[in-house]
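Structure record follows, encoded as C-alpha cells.
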Amino acid sequence: MSDKKPLLEVNNLKVHFNIKPRQSWPWSAPATLKAVDGIKFRLYQGDILGIVGESGCGKSTLARAIIGLVQASAGEVLWLGRDLTRIDHKERRETRKDIQMIFQDPLASLNPRMTIGDIIAEPLRTFYPKMPKEEIKEKVRAMMDRVGLIPNMINRYPHEFSGGQCQRIGIARALILEPKLVICDEPVSALDVSIQAQVVNLLQELQRDMGLSLIFIAHDLSVVRHIADRVLVMYLGKPVELGESRALFEHPAHPYTRALMSAVPVPDPDYERNKQVQILQGEQPSPLKPPSGCVFRTRCPLVDDNCARIKPLLEGNDRHRVACLKVAIEQAVGECDK
Ligand SMILES: Nc1ncnc2c1ncn2[C@@H]1O[C@H](COP(=O)(O)OP(=O)(O)OP(=O)(O)O)[C@@H](O)[C@H]1O
Ligand code: SF4
Ligand SMILES: [Mg+2]
C-alpha cells in the first residue's frame, strides 16, 4: 500500500458523443457513442501507465479528455487533487505547463512553415514571454542535444527530417517546459520498426532522468510490456483489465487481454512452440450499438447467459483488477484501490 498522493487520478471518466445517424429522419434523436465509458485509474510520479486496446476502443479520446482537448461528459480528472474537468480556460492553460502530449504522426504534428528551433521554442515563448532570446536558444539547443538531434540543425524545417527525427522534435517540444506528465499517443506506430526501439528507449531514458510520469498508448503490446509499470486494457470505451505490468502480462485474466497477448511473440522459442493461440473471434461491434451486459460478450469464448444481463465491474486488488463475471482476481487484504 502506498501513502504517496497520486499525480493524476481519473475517476469514472466518460466521454459520450452525440451522433446523428447517416440514414435518419430529420427529427430522429441523435445516438450516443460512448467513446470512453467509466475509466478509473491512478498515476503516481515517475510511473508509466500503458494503455492498450484495438482501434476505436477510446484510447485517444481518453488522452484528449485528460489534457482537456475534448470535454468530459462525466467523472473527474484530478491533477494533484484538482479536478481538470471543472477549471476555466486560464487555469487549463497553466496546467499545460505540467501536462504535455506527443502525437502519433510526427510530421503532421509539426508546423511545416516553422524551423525546428521555433517549433521547440514555441511553448517557452508562450509561457515565458519575457525570457531572453539567447536563453531560449540555449535551452532549445540543449534539449535538441538531449533528444539526439544535432543542435546545428536548429534552422532547418520539418520536411528535412526523417520520421524518427520528427518524433524526436515532437519529444523535445513536449519536454522543453519540463512537464510532470507526458501523454504519448501511439508515439512510435507511424515509424519503421528499426526506429521504434530507439524512440521508445529515448522516452524511457528521459522519463528516468527527468522523473517524468508517462501515459503510453500503443497498439503493440510488446512495446507496452517493455516500458510500462502498469497497464490498462480497454474495450469499446470500457476498462476490462488494469494491473501491474508483470501481473497482467504473466497472468492475463480477461479473455480479451488473453487474446491480445497470445498474438504477441515472446523471445523464447519453447514458450512460443507451446503457447495456445487464442484468436479474437468476430468483429468489434459498432460503438453506437454496444452489446448489453458485458460489452465483450459477442466475441468471448467463455460467454454464458448472465453476460448479456450483468455489466461486470473492474474488481480485484491493487496489483490487478479484471472486469469479468467468470474470472476473478483474489481480493488482497488492505486493498488501497491504486
Ligand atoms: N469527435 C468525435 N466525434 C464523434 N465520435 C468520435 C470523436 N472522436 C472519436 N470518436 C469515436 O470514438 C471512438 C473512439 O475513438 P478513439 O480515436 O479514441 O479510438 P482509439 O482507441 O484511439 O483508436 P486508434 O487505435 O485507431 O487510434 C471511435 O468510435 C471514434 O469514431
Ligand atoms: S463477463 Fe462474460 S462475456 Fe464478458 S468477458 Fe467475462 S465471460 Fe466473457
Ligand atoms: Mg488513437
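All residue numbers in this chain count up from 1 along the given sequence. Both ligands and their constituent atoms are indexed starting at 1 by order of listing.
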The atoms of ligand 1 lying under 4.0 Å from a heavy atom of Ser55, numbered in the order shown, are 23 (O), 24 (P), 25 (O), 26 (O)
Can a donor-acceptor pair be found between the side chains of Gln45 and Ser213 at a distance below 3.5 Å? no
Considering only the protein, which heavy-atom contact is closest to atom 4 (Fe) of ligand 2, and what is its distance? Cys294 SG, 2.3 Å
Need the ligand 1 atom indices (1-based, order shown) with element for anything under 4.0 Å from a heavy-atom of Pro287. 29 (O)
Top protein contact for atom 25 (O) of ligand 1, by heavy-atom distance: Lys59 NZ, 2.7 Å
For ligand 1, which is the ligand I care about here, please tell me if Ile19 has any N or O atom under 3.5 Å from one of the ligand's N or O atoms. no
Students should be able to answer this: which protein heavy-atom is nearest to atom 8 (Fe) of ligand 2, and at what distance? Cys300 SG, 2.3 Å
Does ligand 1 have an atom under 4.0 Å from some heavy atom of Met234? no
N/O/S atom of Cys324 inside 2.8 Å of atom 6 (Fe) of ligand 2, strictly under: yes
Quick check on atom 2 (C) of ligand 1 - does any protein heavy atom sit closer than 4.0 Å to it? yes
For a quick check under 3.5 Å, do Asp220 and Ser222 share a side-chain donor-acceptor pair by atom type? yes
Is there side-chain contact between Val182 and Phe216, with at least one heavy-atom pair below 4.5 Å? no
For Cys307, take its heavy atoms, then give the atoms of ligand 2 lying under 4.0 Å from any of them. 1 (S), 2 (Fe), 3 (S), 7 (S)
Considering non-hydrogen atoms of the protein only, which is the closest contact for atom 5 (N) of ligand 1, and what is the distance? Phe17 CD1, 3.4 Å
Below a 4.0 angstrom heavy-atom separation, can you tell me which part of Ser60, side chain or backbone, both or neither, approaches ligand 1? both
With a heavy-atom distance limit of 4.0 Å, tell me whether Leu33 approaches ligand 1 through its side chain, its backbone, both, or neither. side chain
Check Arg64 against ligand 1 and report side chain, backbone, both or neither, counting heavy atoms closer than 4.0 Å. neither
Shortest non-hydrogen contact from Gly46 toward Asp229: O-OD2, 4.1 Å
Counting each atom of ligand 2 from 1 as listed, which ones have a heavy atom of Leu325 under 4.0 Å away? 1 (S), 6 (Fe)
Check whether the side chains of His320 and Glu244 place a donor and an acceptor atom closer than 3.5 Å, and report yes or no. no
Closest approach of Ile329 to Glu315 (non-hydrogen atoms, all atoms of both residues): CB-O, 4.4 Å
I want to check a possible cation-pi pair here: Arg299 against Tyr235, using under 6.0 Å from ring centre and within 45° of the ring axis as the test. no
With distance as the sole criterion, is a donor-acceptor pair present between the side chains of Tyr44 and Arg230 under 3.5 Å? no
For atom 31 (O) of ligand 1, is there a protein heavy atom at a distance under 4.0 Å? no
With heavy-atom distances below 4.0 Å as the criterion, list the atoms of ligand 1 near His219. 25 (O)
Ignoring hydrogens and geometry beyond distance, is a side-chain donor-acceptor pair present between Thr126 and Arg96 at under 3.5 Å? no
Which of the atoms of ligand 1 are close to Ala35, meaning less than 4.0 Å from one of its heavy atoms? 12 (O), 13 (C)
Should Gly56 be listed as contacting ligand 1, given a heavy-atom distance under 4.0 Å as the test? yes
Distance filter under 4.0 Å to Thr61 heavy atoms, resulting ligand 1 atoms: 9 (C), 14 (C), 15 (O), 16 (P), 18 (O)
Correct closest heavy-atom pair for Arg225 and Ser245 would be O-OG, 4.1 Å
Under 3.5 Å: donor-acceptor pair, side chain of Thr85, backbone of Glu76: no
Gln104 contact mode with ligand 1 (heavy-atom cut-off under 4.0 Å): neither
Which heavy atom of Leu13 sits nearest a heavy atom of Ala72, and at what distance? CD1-CB, 3.6 Å
Please determine, by modelled atom types, if Asn155 and Thr115 share a side-chain donor-acceptor pair under 3.5 angstrom. no
Looking only at N/O atoms, are Cys57 and ligand 1 under 3.5 Å apart anywhere? yes
Using a 4.0 Å cut-off to any heavy atom of His254, which atoms of ligand 2 qualify? 5 (S)
Backbone N or O of Pro252 within a donor-acceptor pair of the Arg258 side chain at under 3.5 Å? yes
What atoms in ligand 1 come closer than 4.0 Å to a heavy atom of Glu186? 25 (O), 27 (O)
